[in-house]
2 protein chains.
Amino acid sequence: MAETTEPGGTSDLEAILREAGLRITRQRRVILAILAEGGDHPDALALFRRASRQDATISLSTVYRTMKVLEEKGAIQRHTFEGGPARFEHADGRHHDHLIDLDSGAVIEFRSEKIEKLQEEIARELGYEIVSHRLELYGRRRK
Amino acid sequence: MAETTEPGGTSDLEAILREAGLRITRQRRVILAILAEGGDHPDALALFRRASRQDATISLSTVYRTMKVLEEKGAIQRHTFEGGPARFEHADGRHHDHLIDLDSGAVIEFRSEKIEKLQEEIARELGYEIVSHRLELYGRRRK
DNA sequence: ACTCTCTTGCAAATGATTTCCATTATCATT
DNA sequence: AATGATAATGGAAATCATTTGCAAGAGAGT
């Protein structure tokens, strides 16, 4: 498994930075690696804590700055779920919506072609073109 | 048109406060009246400015406090659209989603039974019960 | 190694919202 | 209408998430 082709790998993110003429710093490398692992949707503080374990010199500002840059380059996505700080996710291209577990804060991704279609339809009827959308379900596990 | 039966009228909101054992103050009356007019989705500052015209003694804190109380009582809804302060809306019972005009900031309400159904379905498949949801379309007027 | 300038850490600034606290006002009761 | 208990208010300070200013530090091309 060549790490250069590993989907969603760190190298993807590094490549994005490099191509944008940005520098690959020690702290960015660490943050990128954490994001590349994927799996969850950490907020800036969580990211900072995890990164700190690998490199104690990282600051929260840098986490925020890095998130901002990566978001601008389209490399990650920022989600602001209800009543909480922004959470970040490695943008793997495939759009999806979210179901947030109100008890654990866990985020489950899903996608519904039907809903997407309906949204387009609704916007069209109202005379609009959708630029982006956000669909979030907040719920609890069914017992 | 008896104002006591006027749907979505101020008296509704006042009744909610009264029934909750809360006091009807001069400033609350002003804020409630503005919300009752409905029509748009003002944020706290806009609400504060409008209220100030009627009663210069109103403070921003009171606007926020009133919003919090009314939200807890289910009398209004708080929406936090992307990249902006919370905006409030008189809760008239009928659930709806929002389409935000990216150019004007205007909010258009809509409702799709089909989408609601699909959401339920998706949550069920994932083993969840929906407690609440949020669907927002961000778009521009089609020319 | 040298230099240019992008990045960083830290602290201070910001923006939205909440909370503290002493004062005022509402409303049920006289 | 006066009284009194206590909820509500204004204003300032506090909080939370995030951004920014600035001097020092570190990539990367030469």
Side-chain angles (χ1 to χ4, degrees), chain A residues 10-11 13-32 34 41-49 51-73 75-88 105, chain B residues 10 13-34 41-49 51-73 75-88 105:
Chain A
T10 306
S11 34
L13 293 173
E14 286 194 14
I16 287 170
L17 288 181
R18 200 170 284 116
E19 276 156 35
L22 300 170
R23 292 177 184 169
I24 314 286
T25 64
R26 182 167 32 84
Q27 25 283 82
R28 278 181 179 168
R29 228 188 287 271
V30 173
I31 296 170
L32 264 42
I34 294 171
H41 302 64
D43 60 31
L45 198 56
L47 227 32
F48 168 65
R49 282 201 246 268
S52 297
R53 283 205 293 270
Q54 309 239 272
D55 179 340
T57 81
I58 286 176
S59 75
L60 187 52
S61 313
T62 294
V63 171
Y64 275 113
R65 269 188 291 236
T66 304
M67 291 307 100
K68 178 172 266 203
V69 173
L70 290 177
E71 191 189 8
E72 280 164 4
K73 301 304 170 209
I76 63 162
Q77 276 196 266
R78 171 192 304 259
H79 301 296
T80 51
F81 301 131
E82 310 228 282
R87 297 171 67 169
F88 308 91
Chain B
T10 305
L13 293 173
E14 286 195 14
I16 287 171
L17 288 180
R18 200 170 282 117
E19 276 154 36
L22 300 170
R23 293 175 182 171
I24 315 284
T25 64
R26 184 169 29 86
Q27 24 284 83
R28 278 181 180 169
R29 228 188 286 271
V30 172
I31 295 170
L32 264 43
I34 293 170
H41 302 65
D43 60 31
L45 199 57
L47 227 31
F48 169 66
R49 282 201 247 268
S52 297
R53 282 205 293 269
Q54 309 241 274
D55 179 341
T57 82
I58 286 175
S59 75
L60 187 52
S61 315
T62 293
V63 171
Y64 275 112
R65 267 187 297 240
T66 303
M67 292 305 99
K68 178 172 264 200
V69 172
L70 291 177
E71 190 188 9
E72 280 163 5
K73 301 304 169 208
I76 62 161
Q77 276 196 266
R78 171 191 303 259
H79 301 296
T80 51
F81 301 130
E82 310 229 281
R87 297 170 67 168
F88 308 92

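The chains referred to below are lettered A, B, ... by the order of the sequence lines, with proteins before strands, and numbering in each begins at 1. Since the structure is predicted, the reported quantities are computational estimates derived from the model, not experimental observations.
Annotation for B:E14 and B:I24: closest pair O-CD1, 3.5 Å, computed over non-hydrogen atoms. Taking both residues in full, the closest heavy atoms of B:D55 and B:R26 are given as OD2-NH1, 2.5 Å, listed atom of the first, atom of the second, then distance. Of all the heavy atoms in B:I16 and B:A75, the pair that sits closest is CD1-CB, 3.6 Å. A:A51 approaches A:I31 most closely through the heavy-atom pair CB-CG1, 4.4 Å.
With contacts defined as side-chain heavy-atom distances shorter than 4.5 Å, the pair A:T66/A:L47 does not qualify. By the 4.5 Å heavy-atom criterion applied to side chains, A:L32 and A:L17 are counted as neighbours. Within the 4.5 Å cutoff, no side-chain heavy atoms of B:T80 are placed close to those of A:T80. Side chains of B:R28 and B:L22 form a contact here, defined as non-hydrogen atoms less than 4.5 Å apart.
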Working for side-chain contact (heavy atoms from CB on, under 4.5 Å), residues B:L45 and B:V63: CA-CA 8 Å; B:L45 199 57; B:V63 171; over 6 Å; no
Could you run down the sub-3.5 Å N/O contacts of the protein with nucleotides 11-13 of chain C?
unit_1: C:dA11; atom_1: N6; unit_2: A:S61; atom_2: OG; d: 3.3

Look for any protein N or O under 3.5 Å of an N or O in nucleotides 27-30 of chain C and output each such pair with its distance, or none.
unit_1: C:dC27; atom_1: OP1; unit_2: B:I24; atom_2: N; d: 2.9

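Taking NE2 of A:H79 as the reference point, atom CZ of A:F88 lies at 10.0 Å (rounded to 0.5 Å).
We find that CD of A:E19 is positioned 19 Å from P of C:dC6, with the value rounded to whole Å. In this structure, A:K68 places its NZ atom 14 Å from P of C:dT8, rounding to the nearest Å. Atom pair A:I31:CD1 and C:dT8:P shows a separation of 7 Å (rounding to whole Å applied). Here C:dA16 presents its C1' atom at 17 Å from CZ of B:F81, a figure rounded to the nearest Å. Spacing between atom CE of B:M67 and atom P of C:dA16 amounts to 17 Å, rounded to whole angstrom units.
Across all strands shown, B:L45 has no heavy atoms under 4.0 Å from either base or sugar-phosphate atoms.
The shortest distance between the side-chain N/O atoms of B:Y64 and the OP1/OP2 oxygens of C:dT17 is below 4.0 Å.
Not a single donor-acceptor pair under 3.5 Å links the side chain of A:R87 to the backbone N or O of A:F81.
Along DNA chain D, read 5' to 3', the first and last nucleotides having any atom under 4.0 Å from a heavy atom of chain B are D:dA5 to D:dA12.
DNA chain D is contacted by both A:A44 and A:R65; A:A44 maps to the nucleotide lying nearer its 5′ end (nearest heavy atom per residue). Along DNA chain C, the nucleotide nearest to B:Q27 and the one nearest to A:R28 differ in position, and the one closer to the 5' end is contacted by A:R28.
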